[in-house]
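Note sheet for the following structure.
Ligands are counted one by one from 1 in listed order, and the atoms in each one are counted from 1 as well. In this text, all values refer to a predicted model and were calculated from it rather than measured experimentally.
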Amino acid sequence: MTMMEMSERYDPATVEAKWQRLWRERRTNSVDLRGAARPYYTLMMFPYPSAEGLHVGHAFAFPGVDIHGRFRRLQGYDVFEPIGFDAFGIHSENYALKVGTNPKQLIPRTIENFRRQLSRLGLMVDWEHVVDTTSPDYYRWTQWIFLQLHKHGLAVRKKAAVNWCPQCQTVLANEQVIDGYCERHPDVRVEQRLAEQWFFTITKYAERLLQNLDWIDWSETTKMAQRNWIGRSDGASIEFPLAAIPGRKLCVFTTRPDTLFGATYMVLAPEHEWVEELATAEQRPVVAAYRDRVAAMDLVSRRAVKEKTGVFTGAYAVNPATGAPIPIWIADYVLAEYGTGAIMAVPAHDQRDFEFAQVFQLPIVRVIAAEGETADTPLPAAYDGPGRLVNSGQFDGLDAGAAKHAVTAWLATRGAGAARVEYRLHDWCISRQRYWGPPIPIIHCDGCGIVPVPESDLPVVLPDIDDFRPDASGVAPLARVRSFYEVRCPQCGRMARRETDVSDTFLDSAWYFLRYPSTDRHDVVMDPELTRKWLPVDTYIGGNEHAVLHLMYTRFITMALHDIGLILFEEPFKKFRAHGLIIKDGAKMSKSRGNVVNPDQYLDQHGADVFRMYMMFLGPYEEGGDFRDEGISGIRRFLDGVWRLVRELDAAAPAPQALRRATHRAIKKVGEDLEHLRYNTAIAALMTLLNDIRRLGPPDRSTIETLLVLLTPLAPHICEELWETLGHTTTICAARWPSFDPALLVEDTVVMAVQVNGKVRGRIEVARDTPETDVIAAALADEAVKAYIDGKPIRRQVVVPGRLVSLVI
Ligand SMILES: [Zn+2]
Ligand SMILES: [Zn+2]
């Protein structure tokens, strides 16, 4: 096509359909995974394909990753940018239940719709390496990974109090419980149930998951969320001998061993296994009644309760520091799940203990005194600040911080305690009593016990069933399918029973990035050569709402597979950046608010390039922005301007020096901005460049080509079209990111001396072509100059361009 034939008006629909077709036909975005010289793996969080289709959050997240990937490609990398579908799990299943269709029929349709919408966004996705977690080709490896973890003692079955959502009718991982409520049902309180479940022992990796945060290049906010979730606390375990039972000791964990002398009573969780035995005959009835009352409460209510309740067991323990007998109580404010389910209560220095002691008139003994306080200063409330020890025998006068170690060391020498670290992180409960997931590959045999399904028998295929509804009994739907669960034991050959739980959907997504390069291999989970070449992932970008779920699990699975010897790296992503959220008119988008934006409508009306740029212009990518309709026409005008510019190009003359400077400024600025995901300011810099071309032009061919290359990560379709118009026969993706000439940047500003009544009083730095009035304004704004003028009127002003401002007062 010659320039004359090029259409007058920029029509995004035509341009975008053309290039999306050509990219497919020419395999523009397919990477030669084996032959690539400079591999760069950029990853976006693969979507769960909801029936509603793509939402605006995707239209913000994915282009943001794509822009980065395209930028890297222009820098000369072989960029692999795959996508897939996280299609197992409760979301999909619940929707299938709602519309009365089997997810096996429904999911392929929603995936197809998602593919169509995704391809409209103009992503540089390699469609030849897609994963679909519900495909047996994929989940056989999910099951295989389960077996490897099981083989290495990291997948265990145990009876545990688990979170049960009565609405989901399944157990939830701790991470799926938000302040006691179901993550999917913010108004449904999670209950506790005691059940046999499969767990991954992620707690074995707590310290490593924590330590590595010190060196991995991740968003600070994400690292902070992970640190809090792992929740390391340093303290001591201390043993309190029972007064009535010689040789038996109650063990507690405390982060405040320095306050041990102030422990005046102990509290056990009502469900602590020793309670029955400890309770004296006299107290037994009230203890039993109290336990029944608490058992009827869910965890949330227990955490929320303000009023302190409890009962005395009648038993005493001995404070190992003071030797005094102290009463043992049970109370709902101590939870069985944390530490040992028992605490030493130090009412003087812990507010909950303080309130409890006040209600039940238990002694309150101060053992820390702040500056200016003594052992006898009254305590209106618990004091948990710094200070020195008092009422603490040989430790009196010691700083509380130092006393933590001193008291612990002293206990250790007497065999009554030891330094200890506790974590808030729990093991990952991965079994779900639902249908829509990969069956856990285990067989239960009466003779042999738990028997893993032989690897050669994988996948354990999820059967087609009509009745896949979960029910309140907590029995998995597959447990109703005899043809599924009746199986011969692979070890002894007798009839046995298949595990009927399926695995948590977070397991599917904990390893998908390991699979992308190897999707052509059906015989191994990962092609060793491709894995060495492409992994770990260079840059992963996604939402911070996944900070403690998905992102913690990916790290754990990667570490586990590393230790098992399958991969050489222990952290999955060299770099992780959290992007922000798009809100609408100041509020989170939600169906109930009726402010959900459907990207299709905008893509129809404006095209992908305008929409991508508009989304990126809403705010800094890592912070997000507020979606407003106004402003989208500004982006359209900008692209119209670029379109016209190429049409009007008259390549005869070289660009003027001022324009060359402006162009090199833009190369530097846009490059730095794209590097750091500052897409909004990159767009602003491109708009400035277009204005500069109009103002300082005429542009030459090289200026226009530079503009197109800088713009192509953001608006790939129009840039391909204009690139072709300029006579190029290869994709603009194969162009090189231009380098800038530093010499053209440094001369950009000048330092000018400012004289007041003939004497130099200050210096100002201004852009070289700053108009005279602005130069004088800058001079008058200079603090040093201001001091000399002292508010007096200026009688005369002279500007010697590039050198001097002279003011006479
Ligand atoms: Zn729920
Ligand atoms: Zn057997």
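Summary: ND1 is the N/O/S atom of H185 found nearest to the Zn ion (ligand 1).
Between R115 and D132 no salt bridge is recorded (no basic side-chain N to carboxylate O distance below 4.0 Å). Residues E220 and K223 are paired through a salt bridge, judged by an N-O separation under 4.0 Å between the basic side chain and the carboxylate.
Two residues are said to be in side-chain contact when any heavy atoms from C-beta on lie closer than 4.5 Å; T558 and F573 fail this criterion.
By the 6.0 Å contact criterion, CZ on R469 is open, its count of non-hydrogen atoms from other residues, nucleotides or ligands being 12 or less.
With the Zn ion (ligand 2) as the vertex, SG (C489) and SG (C445) define an angle of 110°, rounded to 10°. Rounding to 10 degrees, one finds that the Zn ion (ligand 1) sits at the corner of an angle of 110° between C182 SG and C165 SG. At the Zn ion (ligand 2), the vertex angle linking SG of C448 with SG of C492 is 110° (nearest 10 degrees).
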